[in-house]
Amino acid sequence: MKQVMIAAPSSGVGKTTVTLGLLQALKNQGYTVQPYKVGPDYIDSAYHSRICQRVSRNLDQFMIDDPTRLSYLYQKQLDGVDVALVEGVMGLFDGLGTDKDFASSASIAKILKLPVVLVIDGKATSTSAAALVHGFSTFDSDLDLVGVIVNRVGSQMHFELIKGAIERYTEIPVLGYLTKNQELVLPSRHLGLIPDLELDAIDQQLAYFGQEIEKTVDLNRLLDVIERPLTKTSFSLPSTEKPALRIGYALDSAFHFYYEDNLELLREKGVTLIPFSPLADKELPPADAYYFGGGFPEIFAEELEANHSFRKSVFRAHVQGIPIYGECGGLMYLGKDLEKDGRKFEMVGIFDGSSRMTQRLQRFGYCQAKTLESSLFGPVGTLLKGHEFHHSTFETNEPTVLNLEKYRDGQQVAAWSGGYQKGHTFASYLHLHFYQQPEMVDLWLDWIGEVHASN
């Protein structure tokens, strides 16, 4: 099986550019490629999916701490696949705290037995690049580092200088390069890359990435050094009988942050998923429950406010007792208003709270939450592992229903309260991967059934 992780010494080196170029180049050559992303990312994954026409999957060791379950989620996508390509996160050994083997790209590579290709920044360096590669290749003897791709080189001659140094002082082959080129840079904003859905000419730009990779990266050699046997992992979910339910979920440019494994797990439990658009639809579709994922309500605040009939239909569903679940952007939409650039935009108003955009990230990173009330996730005291990533605060006097904590190297480094529950509507900033506890979906579906039985 041809399988590889694309990693880097740090963020900002260009591993996403190289990853997208490789995905496009391999697709151009007729390979079926299954993409993955390490960690709790939605935007990079959407770019992967766009190129490969196969949904990229997230591999997250913090939220899914069982190696067997993580391997299962990786392997279940590989039928009929020629190449599995995993994009790492941050630097190769960067995870939660200082433990190189906890929630890092390196740890995922070792769990899944993936060879690693390291992307390094060639700007303003030559022989020193060899010291960098030597350090990464020897830091962890259990890691299978098989090649280097150099990004942002000045010229072919500059690349040959870097390549010669790396291959003189290490045993790691250099597989190719990309030049310093503004056309190889994707536009960004406060949460990272601008989503592909918002860019008109994105397909042409991604095609260009692939063309450049085909010119300057030895794809045949890459495919040769990443061939590895695949040892199948045995894992199956408990079989549970559930009533057929319909769950509507927000899906448009304002709301599109979902883990595909979460949606797939719901389908496997017999749920019919019904997409709807708070931007374009006049009202909610009929359903047994509604799910508002994360996204960018702040970018589309004016359009969301203008869709009066849809907002009223959401509030009406809440009053009727239909279960509603909101994550991050979903919380912002379910509140009273959203303020940005000194202007307030009216939202749904289920929660008497206001979202305020901020210059800095708020409570960024992994955290765990304990429920203070019985909710869709289970009884009081249920422990949830998740991730927060937002440039806003939610200002409200509504009572909170989650105690949240952040730990690093075994020490608590932050604690706060959050999450809100009113009637059968629950929302928080916390993004969750359901495979951390697959039974949490059973609890949610049971809760929906109980709510309908009591209405």
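Between Arg267 and Glu260 there is a salt bridge, with a side-chain nitrogen of the basic residue lying less than 4.0 Å from a carboxylate oxygen of the acidic one. Using a 4.0 Å cut-off between charged side-chain N and carboxylate O, Asp121 and Lys180 make no salt bridge. Checked for salt-bridge contact, Glu212 and Lys215 meet the test: a charged N lies under 4.0 Å from a carboxylate O. Salt bridge Arg57/Glu264: present, at least one basic N to carboxylate O contact under 4.0 Å. Salt-bridge formation is detected for the pair Asp442/Lys269: a Lys NZ or Arg NE/NH1/NH2 atom is positioned less than 4.0 Å from an Asp or Glu carboxylate oxygen.
Aromatic ring orientation, Phe292 versus Tyr333: tilted (interplanar angle from 30° to 60°). Using the six-membered ring where Trp is involved, Phe257 and His431 have ring planes that are tilted, between 30° and 60° apart. Note: Phe434 and Trp444 have perpendicular aromatic rings, judged against thresholds of 30 and 60 degrees for the angle between ring planes.
Applying the ring-ring contact (aromatic ring centres under 6.0 Å, His included) criterion to His256, with sequence neighbours excluded, gives no partner residue. Residues passing the ring-ring contact (aromatic ring centres under 6.0 Å, His included) test with Tyr72 are Phe235, sequence neighbours excluded. Partners of Tyr420 according to the ring-ring contact (aromatic ring centres under 6.0 Å, His included) rule, which considers only residues two or more places apart in sequence or in another chain, are Phe394.
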Give the table of side-chain donor-acceptor pairs shorter than 3.5 Å for residues 140-150, with sequence neighbours excluded, one pair per line with atom names and distance.
{"residue": "Asp140", "atom": "OD1", "partner": "Asp142", "partner atom": "N", "Å": "2.9"}
{"residue": "Asp140", "atom": "OD2", "partner": "Lys100", "partner atom": "NZ", "Å": "3.0"}
{"residue": "Asp140", "atom": "OD2", "partner": "Lys110", "partner atom": "NZ", "Å": "2.5"}
{"residue": "Asp144", "atom": "OD1", "partner": "Arg228", "partner atom": "NH2", "Å": "3.4"}
{"residue": "Asp144", "atom": "OD2", "partner": "Arg228", "partner atom": "NE", "Å": "2.9"}
{"residue": "Asp144", "atom": "OD2", "partner": "Arg228", "partner atom": "NH2", "Å": "2.7"}

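At a cut-off of 3.5 Å, with distance as the only test, no side-chain donor of Gln34 or Tyr36 sits close to an acceptor on the other residue.
The ring pair (Phe, Tyr, Trp, His ring centres under 6.0 Å) contacts involving residues 160-183 comprise Phe159-Tyr177, where partners must be two or more places apart or lie in separate chains. For residues 85-132, the set of pairs meeting the ring pair (Phe, Tyr, Trp, His ring centres under 6.0 Å) definition, not counting sequence neighbours, comprises Phe93-Phe136, Phe93-Phe139.
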Requested in this report: Just do the side-chain contact (heavy atoms from CB on, under 4.5 Å) check on Asp44 and Leu193 with the steps written out, would you?
Outcome: CA-CA 8 Å; Asp44 290 358; Leu193 294 180; 3.4 Å; yes
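Separation of atoms OG1 (Thr125) and CZ (Arg152) is listed at 12.5 Å; rounding is to 0.5 Å. We find the CD1-CG distance between Ile213 and Leu175 to be 10.5 Å, quoted to the nearest 0.5 Å.
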